[in-house]
Amino acid sequence: MSGSEENTQSTKRVLRISQLDALELNKALEQLLWSQFTQCFHGFQPGLLAHFEPEVKAFLWLFLWRFTIYSKNATVGQSVLNIQYKNDCSPTLKYQPPSKNQKLWYAVCTIGGRWLEERCYDLFRNRHLASFGKAKQCMNFVVGFLKLGELMNFLIFLQKGKFATLTERLLGIHSVFCKPQDMRKVGFEYMNRELLWHGFAEFLIFLLPLINIQKLKAKLSSWCVPLTGAAGSDSTLGSSGKECALCGEWPTMPHTIGCEHVFCYYCVKSSFLFDMYFTCPKCGTEVHSVQPLKSGIEMSEVNAL
């Protein structure tokens with residue numbers, strides 16, 4: 001019985017990463033909503049919303065709170081991850097949604113707190129009186145104290161896995177799954193195979209730029225010439241001038257590199273620029289100079305055809 005109860009509790013427990021993902025999704029949604037809202041005033045006078053920015057943001061977050069936490073007991077990020085808030089102060093083990101007071105205090109702590117911080121900073125920004133200086137110091141002390149509390153709460157959350165924010169801990173609400181979750185089963189064979197292929201792909205990506213493909217093709221073709229082209233080679237420049245030794249087509253602007261084979265100018269020039277140690281793919285002769293084919297030999301070939 002105890003083992004089954006532990007299994008059910010483990011399936012109902014929300015992972016820490018899921019709770020943090022929900023918080024990040026909430027921040028992304030708020031940024032997207034604010035950017036879309038400011039684009040509506042793109043054609044108006046610049047700085048129109050600057051004086052009322054904290055109030056406008058508070059109104060938007062209040063509107064978002066009304067149709068998420070107040071009505072569905074979950075934020076947008078939690079709804080995406082199948083999570084919702086539960087009243088931790090309830091004595092029963094069954095699911096109890098947060099009370100109305102908890103939801104209202106949630107809005108006061110999150111929306112009201114951010115509005116108060118932004119408005120106070122905006123108010124004290126250009127004030128240099130002594131009274132405002134003291135109020136600003138008090139405000140900075142309160143904000144620093146709250147940040148320290150959030151840090152301590154986050155460290156406790158990493159250890160316990162409950163109450164991801166200080167507001168949740170103070171109000172007594174925590175995240176639970178909307179529907180029962182099955183135990184996660186991870187196939188390590190698939191993961192190992194994916195890691196192996198991923199490492200092999202990274203190795204190839206690192207290795208391929210170091211391989212001279214053009215030179216490798218030339219070497220392979222030179223090795224295959226004695227097997228496939230020995231019967232047709234006449235060791236004369238005229239007979240080999242009917243086709244380019246690289247592309248196999250009729251040579252355009254025929255050039256030679258000092259051997260009996262003929263190349264297109266663009267083929268041999270691009271190969272030589274790509275590889276300064278370029279050799280003839282037919283006989284392996286190194287390139288000493290790229291010279292145009294003599295017109296007499298070229299015309300004799302044309303007449304022979």
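Note that the numbering runs from 1 along the sequence shown for the chain. Because the structure is predicted, anything quoted here is derived from the model rather than measured.
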Is the closest side-chain heavy-atom distance between [X] and [Y] below 4.5 Å?
{"X": "W61", "Y": "W34", "value": "yes"}
{"X": "E194", "Y": "H198", "value": "no"}
{"X": "V176", "Y": "I83", "value": "no"}
{"X": "C89", "Y": "Q102", "value": "yes"}
{"X": "Y85", "Y": "E168", "value": "yes"}
{"X": "M253", "Y": "Y266", "value": "yes"}
{"X": "R169", "Y": "I156", "value": "yes"}
{"X": "I69", "Y": "T75", "value": "yes"}

What's the spacing between [X] [atom1] and [Y] [atom2] if we round to 0.5 Å?
{"X": "N101", "Y": "N87", "atom1": "CG", "atom2": "CG", "result": "10.5 Å"}
{"X": "Q36", "Y": "L60", "atom1": "CD", "atom2": "CG", "result": "12.0 Å"}
{"X": "N153", "Y": "L146", "atom1": "CG", "atom2": "CG", "result": "12.0 Å"}
{"X": "L25", "Y": "K27", "atom1": "CG", "atom2": "NZ", "result": "11.0 Å"}
{"X": "Y70", "Y": "Y106", "atom1": "OH", "atom2": "OH", "result": "16.0 Å"}
{"X": "Y95", "Y": "C178", "atom1": "OH", "atom2": "SG", "result": "7.0 Å"}

With distance as the sole criterion, is a donor-acceptor pair present between the side chains of Q78 and S175 under 3.5 Å?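 There is such a pair between these side chains.
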Quick one about K86 and N73 (side-chain donor to acceptor, distance below 3.5 Å, no hydrogens or angles considered), yes or no?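 No.
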Mind checking whether F157 and F154 have parallel, tilted or perpendicular rings, split at 30° and 60°?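 Rings of F157 and F154: tilted, 30 to 60°.
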I'd like to know if E55 and R119 make a salt bridge, using a cut-off of under 4.0 Å between side-chain N and carboxylate O.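 Salt bridge: yes.
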Considering only NZ, NE, NH1 and NH2 on the basic side and carboxylate oxygens on the acidic side, decide whether E118 and R114 come within less than 4.0 Å.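 No.
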Would a distance-only check, ignoring hydrogens and angles, find a side-chain to backbone donor-acceptor pair under 3.5 Å from [X] to [Y]?
{"X": "H174", "Y": "G172", "value": "no"}
{"X": "E24", "Y": "Q19", "value": "no"}
{"X": "N26", "Y": "A22", "value": "yes"}
{"X": "R16", "Y": "A164", "value": "no"}
{"X": "S18", "Y": "V14", "value": "no"}

Assess whether side-chain contact (heavy atoms from CB on, under 4.5 Å) is satisfied between I257 and F263, documenting all intermediate values. CA-CA 8 Å; I257 60 174; F263 305 85; 3.8 Å; yes
Go through it in stages, so that I can follow the logic: the residues are L29 and L64, the test is side-chain contact (heavy atoms from CB on, under 4.5 Å), and I'd like the CA-CA distance, side-chain angles, deciding distance and then a yes or no. CA-CA 10 Å; L29 175 68; L64 192 63; 4.0 Å; yes
L207 vs F203, test: side-chain contact (heavy atoms from CB on, under 4.5 Å). Steps then yes/no. CA-CA 6 Å; L207 185 62; F203 175 73; 3.9 Å; yes
Would you check if the distance from the ring center of Y265 to the ring center of H255 is below 6.0 Å?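 Distance test on ring centres: under 6.0 Å, yes.
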Going only through I, L, V, M, F, W and Y residues with side-chain contacts under 4.5 Å, is there a path from [X] to [Y]?
{"X": "F177", "Y": "L20", "answer": "no"}
{"X": "L23", "Y": "L158", "answer": "yes"}
{"X": "I111", "Y": "F63", "answer": "no"}

With F200 via ring-ring contact (aromatic ring centres under 6.0 Å, His included) - residues at least two apart: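 W197.
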Step-by-step side-chain contact (heavy atoms from CB on, under 4.5 Å) determination, V108 to W105: CA-CA 5 Å; V108 171; W105 278 109; 4.1 Å; yes
Taking atom CZ as the centre, does F37 end up with more than 12 heavy-atom neighbours from other residues, nucleotides or ligands that are less than 6.0 angstrom away?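 Yes.
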